[in-house]
Amino acid sequence: MSMTSAEIRDAFLNYFKDKGHQIVPSSSLIPGNDPTLLFTNAGMVQFKDVFLGSDKRAYTRATSSQRCVRAGGKHNDLENVGYTARHHTFFEMLGNFSFGDYFKEGAIQYAWEFLTQVVKLPAEKLWVTVYETDDEAYDIWAKEVGVPTDRIIRIGDNKGAPYASDNFWSMGDTGPCGPCTEIFYDHGEHIWGGPPGSPEEDGDRYIEIWNIVFMQFNRHGDGRMEPLPKPSVDTGMGLERISAILQHVHSNYEIDIFQHLIKAAAKAIGSEDLENKSLRVVADHIRSCSFLVVDGVMPSNEGRGYVLRRIVRRAVRHGAQLGASEPFFYKLVAALIDVMGDAYPELKEKQAIIEKALLMEEEQFRKTLERGLKLLDEALADIQGSVIPGDVVFKLYDTYGFPVDLTNDVARERGLTLDEAGFETAMEAQRQRAKQASNFGADYNSRLDIDCQTQFSGYDGVRDVSPVVALFKGGDAVDSVQAGDEVLVVLERTPFYGESGGQVGDTGELSSDGARILIHNTTKSGDAFVHHGKVAEGSIKLGDKLKAEVDKTRRDAIRLNHSATHLAHAALRKVLGEHVTQKGSLVDSERMRFDFSHFEGVKGVEISEIERLVNNEIRANHAVTTRLMQIEEAKAAGAMALFGEKYDDEVRVVQMGDFSIELCGGTHVSRTGDIGLFKVISEGGIAAGVRRIEAVTGEAALEWLQGREQLLGELAGSLKTDVAGLADRFAQQLDKTKQLEKELEKAKAQLAASAGSALAEQAEDLGGTKLLVAELPGADPKSLRELVDKLKDKLGEAVVVLAVPADGKVSLIAGVSKGLTAKVKAGELVGMVAAQVGGKGGGRPDMAQAGGTDVAALSGALATVKDWVQARL
């Protein structure tokens, strides 16, 4: 039976739908609210909380085709991709799941029925494994399904510890776990390899196609295995592997999806060798790269963005190996949509974004690839033996941006290996240097032992009265503080906002009768709000009730900027695309700063549109509402959540009309109209794939515009016009300047011609060849090329060397008539002179330029030219 990959995917989902399973769409490659994973790497990831019991679904049976990436972190197959038949950075995991519904018998029967009845694999080709002590699963396979016992293999604890087995799965060191059973397909005796558990199990004859995990225990820290009240099932079958079997091929790269991508890659690159492994790499990588961009990842220098950058650059490097002379990788997005767009329509929806992100990364890398490969070749030429030293690998990575996996690719092609331990040692040393460089001072919060909770009352006002529950001086807990002391104060309740979520901490004053503390910052330490200040007068002791008063003017300015940040975030996503995600922010009383993922500079017209949208929402004067909601309820309502942020089960949702809804604990305006005015004052890049805008609001925005208006007035006055006529007057001045520059160039040319006539008379005859060596103080270095050409025309067969000393530097140029370049080369001549004046240079045989820094050595250097030239004539 032969089926396309799309038909297999549909057949699997529909089979389990008919068996009462809910078809659940693939989740994002960025695991939601799970910082333990770099990428979604298995079908069960989106159901993790269901298995743990913290998430309840309306169904107890589910099925999905989950897109997965294994190219970073614990599960990293990147270096094997293209060199083996079944390793991929991206793959689809077909799965069926039971949450306290059916268990071992149901899961085994469903798997066997699908494989033998639906897609009609020959039963005699299938082998199964069970955990060594799982007699229940063994008996189901042997007695109910009827698999011969010689094709059922028990796999024990083969990794040196209890329950450390290929056939025992766990979510972590503790928590849900259980035995698993796997189904293998026998590709035939013509392929080397043995059944699982045998010495030859790593061969390619017996290939695992289906894994069924029986979650039946909860493992405790002391090793106890407690039976779960609701045993569950998690299964997975790789779509690419089952497609290879059903399409009667051995390698995953021979299936329909990959064949289409390989042919598209060959066409885009201009290669005819369809069996080349580099084409496999490119075909694999376009899938992971495209889907990562779909899910909001952009190439960058850290985290997920760096993994994406590595994959793109690896694909580009392999394309270059095949002879690609221009960007090609982005062209494969259309081919990917051809074969996967029906199952994943988001590919088509975001095609333009994917292509743009990949093209820009490819163009950036191509600029450095040629130089990096040359540096790598030079490094390899100097090594002894077959191992590339770790410090060489690190230098290529750290100094020249050459990814380690590309170094490894080149090494593999040349029969070399990497000193990985040496590389890691160099990397760790760099991490320590970076850590030390960033350690500028003591972090009080990291040293405080505060076992109390502060209630924040600042949403409703800027004043409160509360007892002191903790005092610190010099990092130590104290009972009282005096005038002049630098202190940290913790209150039972406070209107002071503690720095978090990008919003700076409040400032203000704490006071009581006869005592006053000036607060210059507020931070958080656990659940406590810490007021940083100096005692201005009197003394304070534990238990004293203090009046807490926030600097209201500053707080109001912060509120304007914070609310504007939410509107700006929404506007950026509308104008630039939904790939825009927050990468950091700073909200203070002066301005707002917002960092976001985007692959290119924001154009002026785009900034204007962002400003227009935000100011429209300001003029609409929407009420700014806040609600406490359950986290899942908030997400369902469309609230933006930042991955990596820790959210409690109950979250605060801030909404501004229908334009913006985000999870946020900060302080905000009552109505959007309070913001008054929003103006972007700067935009720029802060890292690869990350941009930053800064903006001002309210009175600060008005002052900024008034400052620009004043500046325009001053410019207009200096040009003797008004602001309205400034553009025309500036254009007139520009035209006048251009005309004067032309006249100046003409005068310089005339001067050069006159100087050339005078210089030509100084030329020396070397047996039919004229030699002119001259030092020209005060000459314009930019006019030397034209002067040399005129001199060569005037002198006939000639060698000309001119030098201009100025500002402690030397400019050199050499010209040689074309009839003499076989003997005398201008590049060698100018390089010889430059070396004597502390410089270097070169160029064409007939014209070359150089520079130097040793003006005192110039006369002596020019004196050597005659002998050098004569020796070659």
Side-chain angles (χ1 to χ4, degrees), residues 1-14 25-26 29 40-41 43 64-71 77-78 80-95 119 185 187 207 209-210 236-269 271 274-295 311 314-315 318-319 328-348 350-351 354-355 358:
M1 182 177 188
S2 182
M3 302 172 69
T4 67
S5 297
E7 289 170 341
I8 296 167
R9 185 192 299 114
D10 290 342
F12 182 91
L13 295 175
N14 289 329
S26 170
L29 287 171
T40 299
N41 57 22
S64 69
S65 180
Q66 174 65 49
R67 54 181 186 257
C68 303
V69 162
R70 291 186 179 178
D77 292 338
L78 182 59
N80 291 315
V81 173
Y83 295 95
T84 69
R86 276 167 287 281
H87 278 103
H88 304 292
T89 55
F90 175 96
F91 63 95
E92 289 184 77
M93 183 71 83
L94 302 171
V119 298
Y185 181 80
H187 276 278
I207 299 300
I209 56 173
W210 200 314
M237 176 170 65
L239 174 61
E240 294 79 7
R241 291 191 178 193
I242 190 65
S243 293
I245 293 169
L246 293 174
Q247 292 172 24
H248 312 296
V249 294
H250 180 61
S251 167
N252 290 2
Y253 291 98
E254 297 176 71
I255 68 173
D256 54 347
I257 289 176
F258 276 112
Q259 284 299 295
H260 184 77
L261 294 174
I262 286 171
K263 290 174 183 174
K267 182 179 179 182
I269 293 169
S271 172
L274 296 180
E275 300 301 317
N276 193 295
K277 289 183 178 179
S278 287
L279 286 178
R280 290 182 175 187
V281 173
V282 173
D284 170 273
H285 288 6
I286 191 60
R287 300 209 302 168
S288 54
C289 293
S290 296
F291 277 103
L292 284 171
V293 175
V294 161
D295 288 336
I311 302 174
R314 189 167 187 265
H318 279 272
F328 71 91
F329 194 48
Y330 76 101
K331 297 177 182 177
L332 304 185
V333 177
L336 179 62
I337 292 170
D338 289 341
V339 288
M340 297 188 71
D342 289 341
Y344 300 101
E346 54 266 47
L347 282 171
K348 183 64 178 176
K350 297 188 177 181
Q351 180 177 358
I354 302 168
E355 290 176 340
L358 298 186

Is [Y] close to [X] at the side-chain level, that is, under 4.5 Å between some pair of heavy atoms?
X: Phe91; Y: Leu239; value: no
X: Ile286; Y: Phe329; value: yes
X: Ile245; Y: His187; value: yes

Donor-acceptor contact present, side-chain [X] to main-chain [Y], <3.5 Å:
X: Gln247; Y: Ala244; result: no
X: Asn14; Y: Asp10; result: yes
X: Asp295; Y: Leu29; result: yes

| Residues in side-chain contact (heavy atoms from CB on, under 4.5 Å) contact with Ala334, at least two apart in sequence or another chain |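 For Ala334, the residues satisfying side-chain contact (heavy atoms from CB on, under 4.5 Å) (neighbours in sequence not counted) are Gln351.
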| Which residues pass the side-chain contact (heavy atoms from CB on, under 4.5 Å) test with Met237, sequence neighbours left out? |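 Counting only residues at least two positions away or on another chain, Met237 forms a side-chain contact (heavy atoms from CB on, under 4.5 Å) with Phe12, Leu94, Phe114, Leu115, Trp210, Ile242.
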| said: Suppose the criterion is side chain to side chain donor-acceptor pair (under 3.5 Å): which pairs have a residue in residues 328-345, not counting sequence neighbours? | reply: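 Every side chain to side chain donor-acceptor pair (under 3.5 Å) pair that includes a residue of residues 328-345, provided the two are not neighbours, is Glu92-Tyr344, His260-Asp338, Glu326-Lys331.
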Any residue meeting side-chain hydrogen bond (donor to acceptor under 3.5 Å, both in side chains) with [X], in chain and number order, not counting sequence neighbours:
X: Ser288; result: Thr89
X: Ser290; result: none
X: Glu346; result: Arg67

| message | Taking ring pair (Phe, Tyr, Trp, His ring centres under 6.0 Å) as the definition, give me every residue that meets it alongside Phe258, ordered by chain and number, with sequence neighbours left out. | response |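 So Phe258 forms a ring pair (Phe, Tyr, Trp, His ring centres under 6.0 Å) with His88, Tyr253.
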Listed by chain and number, what are the salt bridge (Lys or Arg N to Asp or Glu O under 4.0 Å) partners of [X], not counting sequence neighbours?
X: Glu7; answer: none
X: Glu240; answer: Arg287
X: Asp256; answer: none

| query | Among Ile8, Thr4, Ile255, whose side chain to side chain contact (heavy atoms under 4.5 Å, CB included) with Leu246 holds? | reply |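 Of all the options given, the one that passes is Ile8.
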